Enquirer: 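I have a structure I would like to understand better, so I am pasting it below and will then ask my questions one at a time.
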Amino acid sequence: MDLDFEHRLLMPDGDIRYLHVVAHAGNHGPGIREYIGIVSDITDRKRAEDERQALASALQQSNARLEEAQRLAHIGHYEWNLIENRVTYSDELCRIYAIPPERPF
């Protein structure tokens, strides 16, 4: 039975560390199991993932507020990518001018 799991450790000073354990099980004789593997400190990666998730959530909430404000004010916006020559419209601008939102530009 191979192992692949993560541990969350609370250190005596209150710091939280994360470890990733990967090991391969082998038999070292009858009834004797031996594991060969590694333990990696993945604390920085976990903290970066948590920060990315928090930022993504904040951005999603901000976009929802922007969409609601545009809907209430009956205004919209568009973005024109000059390099790709592509225009993207907000949902409210599509409603105002009856532009299909899935229409490629």
Side-chain angles (χ1 to χ4, degrees):
M1 179 169 100
D2 291 341
L3 302 173
D4 186 350
F5 56 89
E6 295 178 1
H7 281 292
R8 178 180 177 269
L9 303 175
L10 177 59
M11 305 307 286
D13 65 356
D15 190 29
I16 295 175
R17 308 297 297 175
Y18 294 91
L19 301 178
H20 182 215
V21 177
V22 178
H24 176 70
N27 290 323
H28 191 68
I32 301 173
R33 181 160 288 182
E34 175 180 72
Y35 285 93
I36 299 172
I38 63 166
V39 177
S40 302
D41 184 341
I42 59 168
T43 303
D44 291 339
R45 186 189 84 196
K46 293 294 273 185
R47 288 179 181 162
E49 287 174 4
D50 291 347
E51 183 178 343
R52 184 196 57 77
Q53 287 176 347
L55 289 171
S57 177
L59 179 60
Q60 188 176 30
Q61 291 173 5
S62 177
N63 284 340
R65 286 192 297 273
L66 173 62
E67 288 293 329
E68 181 66 8
Q70 288 182 131
R71 186 186 67 75
L72 292 172
H74 200 62
I75 60 174
H77 74 278
Y78 69 92
E79 297 176 30
W80 182 8
N81 183 326
L82 296 174
I83 295 171
E84 297 177 10
N85 194 29
R86 185 181 63 186
V87 180
T88 305
Y89 299 93
S90 69
D91 290 344
E92 186 60 23
L93 198 65
C94 289
R95 280 191 286 277
I96 292 169
Y97 294 107
I99 301 168
E102 67 282 345
R103 181 177 166 196
F105 292 94

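All values derive from a computational prediction rather than experimental measurement. Throughout, numbering of the chain's residues begins at 1 and tracks the sequence.
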Enquirer: Any chance you could lay out the side-chain contact (heavy atoms from CB on, under 4.5 Å) test for Q53 and D50, step after step, and finish with the verdict?
Expert: CA-CA 5 Å; Q53 287 176 347; D50 291 347; 4.2 Å; yes
Enquirer: With rounding to the nearest 0.5 Å, note down the distance linking CG in L93 to CD1 in I75.
Expert: 10.0 Å
Enquirer: When hydrophobic residues are tied together by side-chain contacts of less than 4.5 Å, even through go-betweens, does I36 share a cluster with F5?
Expert: no
Enquirer: Supply the atom-to-atom distance N27 CG to R33 CZ, rounded to the nearest 0.5 angstrom.
Expert: 5.5 Å
Enquirer: Check the pair Y78 / T88 against side-chain contact (heavy atoms from CB on, under 4.5 Å), numbers first and verdict last.
Expert: CA-CA 5 Å; Y78 69 92; T88 305; over 6 Å; no
Enquirer: Would you call K46 and E51 a salt bridge, taking side-chain N to carboxylate O under 4.0 Å as the test?
Expert: no
Enquirer: Just wondering, do L66 and Q70 contact through their side chains at under 4.5 Å, heavy atoms?
Expert: yes
Enquirer: Could you state whether I83 and W80 fall into the same hydrophobic cluster, counting links through intermediate Ile, Leu, Val, Met, Phe, Trp or Tyr residues with side-chain heavy atoms under 4.5 angstrom apart?
Expert: no
Enquirer: Under 4.5 Å between any side-chain heavy atoms of E68 and R71, yes or no?
Expert: yes
Enquirer: Just do the side-chain contact (heavy atoms from CB on, under 4.5 Å) check on M11 and L9 with the steps written out, would you?
Expert: CA-CA 6 Å; M11 305 307 286; L9 303 175; 4.2 Å; yes
Enquirer: Please confirm whether the backbone N or O of H77 pairs with a side-chain atom of S90, one donor and one acceptor, at under 3.5 Å?
Expert: yes
Enquirer: For a side-chain contact (heavy atoms from CB on, under 4.5 Å) check, start with the C-alpha distance between S40 and I38, then their side-chain angles and the critical distance, and finish with the verdict.
Expert: CA-CA 6 Å; S40 302; I38 63 166; 3.7 Å; yes
Enquirer: Can we say E79 and R86 salt-bridge, meaning some charged N sits less than 4.0 Å from an Asp/Glu carboxylate O?
Expert: no
Enquirer: Looking at residues at least two apart in the chain, or sitting in another chain, which of them share a ring-ring contact (aromatic ring centres under 6.0 Å, His included) with Y97?
Expert: none
Enquirer: Testing the basics here: between G76 and E92, what is the closest heavy-atom pair and its distance to 0.1 Å?
Expert: CA-CB, 4.5 Å
Enquirer: May I have the list of side-chain donor-acceptor pairs in residues 13-24 shorter than 3.5 Å, sequence neighbours left out?
Expert:
residue : atom : partner : partner atom : Å
D13     : OD1  : D15     : N            : 3.0
D15     : OD1  : R47     : NH2          : 2.9
R17     : NE   : T43     : OG1          : 3.4
R17     : NH2  : D41     : OD2          : 2.6
H20     : NE2  : D4      : OD1          : 2.7
H24     : ND1  : D2      : OD1          : 2.9
H24     : ND1  : D2      : OD2          : 3.3

